[in-house]
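Working notes for the structure below.
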Amino acid sequence: MKFTFGQNHATAVHGFGLASRFYFGKPLTELAPEQFALLIGVVKGPGYHDPRRFPERAQRRRDLVLRLMFEQHLLDRSAFEQAINQPMKLVPRGQYLNASFPAYMDAVKRELRQLALDPKLMHSGIKVFTYLDPMAQTQAERTVSQLLPEMNKELEAAMLVVDYQEAAIQALVGGKTAGYAGFNRALQARRPIGSLIKPPIYLEALAQRGRFTLGTLLDDSPISLRNNNQDWQPQNFDKQFRGPVSLMRALADSRNLPTVRLGLQLGMPKVQDALRRLGLERRVNLFPAALLGAVDLSPYEVTQLYQTIANNGVHQQLATVQAVTDQHGAVVYQRASPKTLRYPAADVYLLQYAMIESTLTGTAQSLARTWPQPTFAGKTGTSSDYRDSWFAGFDQDTLVTVWLGRDDNKNTGLTGGTGALRVFADYFRQRGKHNLIRYMPEQVEWQRFSTNSGLPVPEYCPNSWLLPAHKATMLQLSACD
């Protein structure tokens, strides 16, 4: 049930979270006891106890709530006396609710142009209903503006917050300066995505049942390739080689050399197909270096790929616009973009298992210091020479993509883990999270894999570990090593 707390002109203010922004300009988690008490007091009669129109009446109601909180031992005497002596401090009406959010509106305008509505209608006073979440937008902007100066004053940023089950864009940041209607990096900046390319590659491998499993061993040793009459010798980030590594650890630890070998085994057309199936609408030219992220995508395009991954293989076109009505209230557009299954849920479950592991013990393990239990699935990304810092990750409801870099394309000194991941973590720390819960599909079961051969083995075998796997691939077990 959502309570009503008043009116922002013609718009009702519903829920404690929005009311906190409406009256105090900050999230619910930052309120003092007297501010909580005022909101509780307003619920009984939003008009009668309106603190802007009837401040004395509202304060009496607030003080009554504070006394009840003291009597019920929710506040000790010291906290009660301090709270009841505080004056009411309200932000100007609609300071947050009426913010223009130009980067988000830029996306709305772009989408409206793509809808190709009647030009006469566009100039006759239409109403556009969007998926904008003012609290998510405000927090995303605040996180970016607060953290970037600490990292590098020359940094720029882009960020998207999406309800991935509905492919609904709730917040969009186009640069570090909130409220600036300039170059929208979330939509327009195409940058090398680094290791964010890896989940599509690994998903395509896991989709080839009987050929690859999470336990399959990949070769982490030096490799040299001839490309455009030049020798290409990719390196791991730590410049170390581990020899045989499991497919799961190769992704969770973002190992480059096993990924290159895996991509070459699949073939570049398969990698191209993976990007297309996940939602990339334009064709990009892929060559071996693209297997490590030498492919330029916008944060919006990256978010579209990861929407399909987060949504268990179900793709839907990202949207900001929910509906449009004419000046008389008649609906002239209602979003009805289809949801299509691009990868079976069983394949995506295996990929997400490795992406969750990345947030616990892999390249994004700093998240585990704040949230020790499985909370997110995600992937860090760093382009060559530290020019771009990326992170894309999701909890049970929300997908967030973050890009950090410089407009002059110079070195930032940041990896995906030391830059974009910090922004991601701070956003969820302020907004709250919903632990990621994934139920194992019927087509998947637990299976032991040899750590020496990577093959499925019986339960009693030593030197083995338990991983999820497709049932159909487990018909024949190997002998213990």
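Predicted model, so just to flag it, every value in this text is computed and none were measured.
For the pair M440 and P468, the minimum side-chain heavy-atom distance is below 4.5 Å. R142 is not listed as a side-chain neighbour of Q430, based on a closest heavy-atom distance of 4.5 Å or more. V144 is not listed as a side-chain neighbour of Y427, based on a closest heavy-atom distance of 4.5 Å or more. Using a 4.5 Å cut-off on side-chain heavy atoms (C-beta onward), V324 and L117 make contact. Between S383 and I193, the closest side-chain pair of non-hydrogen atoms is not below 4.5 Å.
Pairs of residues two or more places apart, or lying in two chains, that qualify as side chain to side chain donor-acceptor pair (under 3.5 Å) and include a residue from residues 263-276 are D273-R276. Within the structure, no pair that satisfies the ring pair (Phe, Tyr, Trp, His ring centres under 6.0 Å) test touches residues 131-152, not counting sequence neighbours. Within the structure, every pair that satisfies the ring pair (Phe, Tyr, Trp, His ring centres under 6.0 Å) test and touches residues 140-173, not counting sequence neighbours, is listed here: Y164-F394.
With rounding to the nearest 0.5 angstrom, the CH2 atom of W390 is 15.0 Å from the CG atom of L421. Taking CD of Q170 as the start and CG of L132 as the end, the distance is 9.0 Å to the nearest 0.5 Å. Annotation: the span from Y349 atom OH to Q443 atom CD amounts to 12.0 Å, rounded to 0.5 Å.
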Could you walk me through whether D347 and R209 pass the salt bridge (Lys or Arg N to Asp or Glu O under 4.0 Å) test, one step at a time?
-> CA-CA 9 Å; D347 300 343; R209 305 182 185 188; 3.1 Å; yes
Hey, mind stepping through R57 and D50 against salt bridge (Lys or Arg N to Asp or Glu O under 4.0 Å) and telling me if it holds?
-> CA-CA 8 Å; R57 187 184 295 168; D50 185 333; over 6 Å; no
Derivation and outcome, side-chain hydrogen bond (donor to acceptor under 3.5 Å, both in side chains), residues T361 and R249 | CA-CA 9 Å; T361 64; R249 286 257 52 105; 3.1 Å; yes
CA sep, side-chain torsions, deciding dist, call: R191, D388, salt bridge (Lys or Arg N to Asp or Glu O under 4.0 Å) | CA-CA 7 Å; R191 305 286 294 232; D388 303 271; 2.7 Å; yes
Between F36 and E34, is a side-chain contact (heavy atoms from CB on, under 4.5 Å) present by the stated rule, with each step listed?
-> CA-CA 5 Å; F36 275 116; E34 66 274 9; over 6 Å; no
Given side-chain contact (heavy atoms from CB on, under 4.5 Å), test I126 with T325 step by step and report yes or no.
-> CA-CA 6 Å; I126 62 171; T325 66; over 6 Å; no
Where do L172 and N184 land on the side-chain contact (heavy atoms from CB on, under 4.5 Å) test, with the steps shown first?
-> CA-CA 9 Å; L172 187 149; N184 193 331; 3.7 Å; yes
Apply side-chain contact (heavy atoms from CB on, under 4.5 Å) to the pair L247 and T213, showing each step before the final yes or no.
-> CA-CA 7 Å; L247 187 147; T213 70; over 6 Å; no
Stepwise, does the salt bridge (Lys or Arg N to Asp or Glu O under 4.0 Å) test hold for D408 with R406?
-> CA-CA 5 Å; D408 60 11; R406 291 178 54 152; 2.7 Å; yes
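The cationic group of R53 does not satisfy the cation-pi geometry with Y48, failing either the under 6.0 Å distance to the six-membered ring centre or the 45° limit from the ring axis. Annotation: cation-pi pair R438/Y353 absent, no NZ/CZ under 6.0 Å from the ring centroid and within 45° of its normal. With a 6.0 Å cutoff to the six-membered ring centre and a 45° limit on the axis angle, R60 does not count as a cation-pi contact of F54.
Between T320 and T130, the side chains place no donor N or O within less than 3.5 Å of an acceptor N or O (distance only, hydrogens not considered). Q317 and S337 form no side-chain donor-acceptor contact under 3.5 Å, judged by distance and modelled atom types alone.
Residue K89 qualifies as open at atom NZ: its count of foreign heavy atoms under 6.0 Å is 12 or below. Counting non-hydrogen atoms of neighbouring residues, nucleotides and ligands closer than 6.0 angstrom, the CZ atom of R283 reaches no more than 12 such neighbours. Residue Q114 places its CD atom among more than 12 non-hydrogen atoms of other residues, nucleotides or ligands, all under 6.0 Å distant.
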Below 3.5 Å, can you tabulate the donor-acceptor pairs from side chains in residues 195-202 to any protein atom, sequence neighbours excluded?
unit_1, atom_1, unit_2, atom_2, d
S195, OG, K198, NZ, 3.1
S195, OG, S254, OG, 3.1
K198, NZ, S254, O, 3.0
K198, NZ, S254, OG, 2.8
K198, NZ, N256, OD1, 2.7
Y202, OH, T259, OG1, 2.8

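Listed by chain and number, the residues in a side chain to side chain contact (heavy atoms under 4.5 Å, CB included) with T308 are L278, H315, R342 (sequence neighbours excluded). Under the rule for a side chain to side chain donor-acceptor pair (under 3.5 Å), K176 has no partner lying at least two apart in sequence or in another chain.
In this structure, F376 has its ring center closer than 6.0 angstrom to the ring center of F424.
Panel note: side chain D163, backbone A168; no donor-acceptor pair is recorded below 3.5 Å.
Only one option out of T398, T370, T143, T375 pairs with F428 in a side chain to side chain contact (heavy atoms under 4.5 Å, CB included); it is T398. Partner T303 forms a side chain to side chain contact (heavy atoms under 4.5 Å, CB included) with one of L318, V400, L297 and no other, that one being L318.
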